[in-house]
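Note on naming: letters A, B, ... go to the chains in the order of the sequence lines (proteins, then strands), and numbering restarts at 1 for each one.
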Amino acid sequence: EIALTQTPLSSPVTLGQPASISCRSSQSLAHSDGNTYLSWLQQRPGQPPRLLIYKISNRFSGVPDRFSGSGAGTDFTLKISRVEPEDVGLYYCMQLTQFPPTFGQGTKLEIK
Amino acid sequence: QVQLVQSGAEVKKPGASVRVSCKALGHTSTNFYLHWIRQAPGQGLEWMGIITPSGGSTSYAQRFEGRLTLTTDTAASTVYMDLTRLTSEDTAVYYCATVPYGVLIAAMDVWGQGTSVTVSS
């Protein structure tokens, strides 16, 4: 089972400032088909998770362009260029490259 | 607009079983996988299992083997999650989520609203 480790676990950020979350995998997430099935989810308080980014860097429908994803192999990053109030919540990386699917522990984004 | 609608909150006693349903609205086909994920209070996301609604193929996380059963009613566009021999550690919000077939997205793109299951004597 692939383990995903997120850092930091908590990130106090000033509104309008950037934020960054790292996700490190215990083994490469590159699939034999050439794709890397690493995605990022956002969970606002009291809400179900919502897909933000799929296959490392593709923004899902309706996701603001202040969210971006990058990385390769075992190291991945979610960046928010300018944090807005509605960005408060938990962020999870997850992988579908290898069965079973696994999630990072989650990173709590909060406003300073 | 594709939507997943789950059944309502449940309160169960230890040792009992629970069934949670997940109805897919707006899907014109069953070209997706349906995953179940749970979240204990204050905890992260835990993957439980997967079903292919079109054919009923299933696979479960090892820790739920023997207690978890996923079934599908294709005519009703509904998937059911049955969890038996409940303990207090099963208290959680249970989510269903779709992953479309193919490699275009290959991520959990639509989520149900969640179903709270509380196990208490």
Counting only non-hydrogen atoms closer than 4.5 Å, does [X] touch chain A with its backbone (N, CA, C, O), its side chain (CB onward), both, or neither?
X: B/L4; answer: neither
X: B/V93; answer: neither
X: B/A61; answer: neither

Heavy-atom pairs under 4.5 Å with chain A, option from B/G49, B/A106, B/G114, B/A97 with the top count: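 Among the listed options, the one with the most contacts to chain A is B/A106.
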Exercise: identify the closest heavy-atom pair between [X] and [Y]:
X: B/A107; Y: A/L96; value: CA-CD1, 3.8 Å
X: B/V103; Y: A/Y37; value: CG1-OH, 3.0 Å
X: B/I105; Y: A/K55; value: O-CG, 3.9 Å

Is there a side-chain contact between [X] and [Y] (heavy atoms, below 4.5 Å)?
X: B/H35; Y: A/P101; answer: yes
X: B/D109; Y: A/Y54; answer: no
X: A/Q43; Y: B/Q39; answer: yes

Over 12 non-hydrogen atoms of neighbours within 6.0 angstrom of CD in B/E65:
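Atom CD in B/E65 is packed in, count exceeds 12.
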Between A/P100, A/S39, A/P48, A/G104, which residue shows the highest count of heavy-atom pairs closer than 4.5 Å to chain B?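 That would be A/P48.
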Item to complete: Tell me, for A/L41 versus chain B, whether the close heavy atoms (under 4.5 Å) come from the side chain, the backbone, both or neither.
Response: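 For A/L41, the contact with chain B is made by the side chain alone.
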Can you tell me which portion of A/N35 sits under 4.5 Å from chain B's heavy atoms? Options are side chain, backbone, both or neither.
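Looking at A/N35, just its side chain touches chain B.
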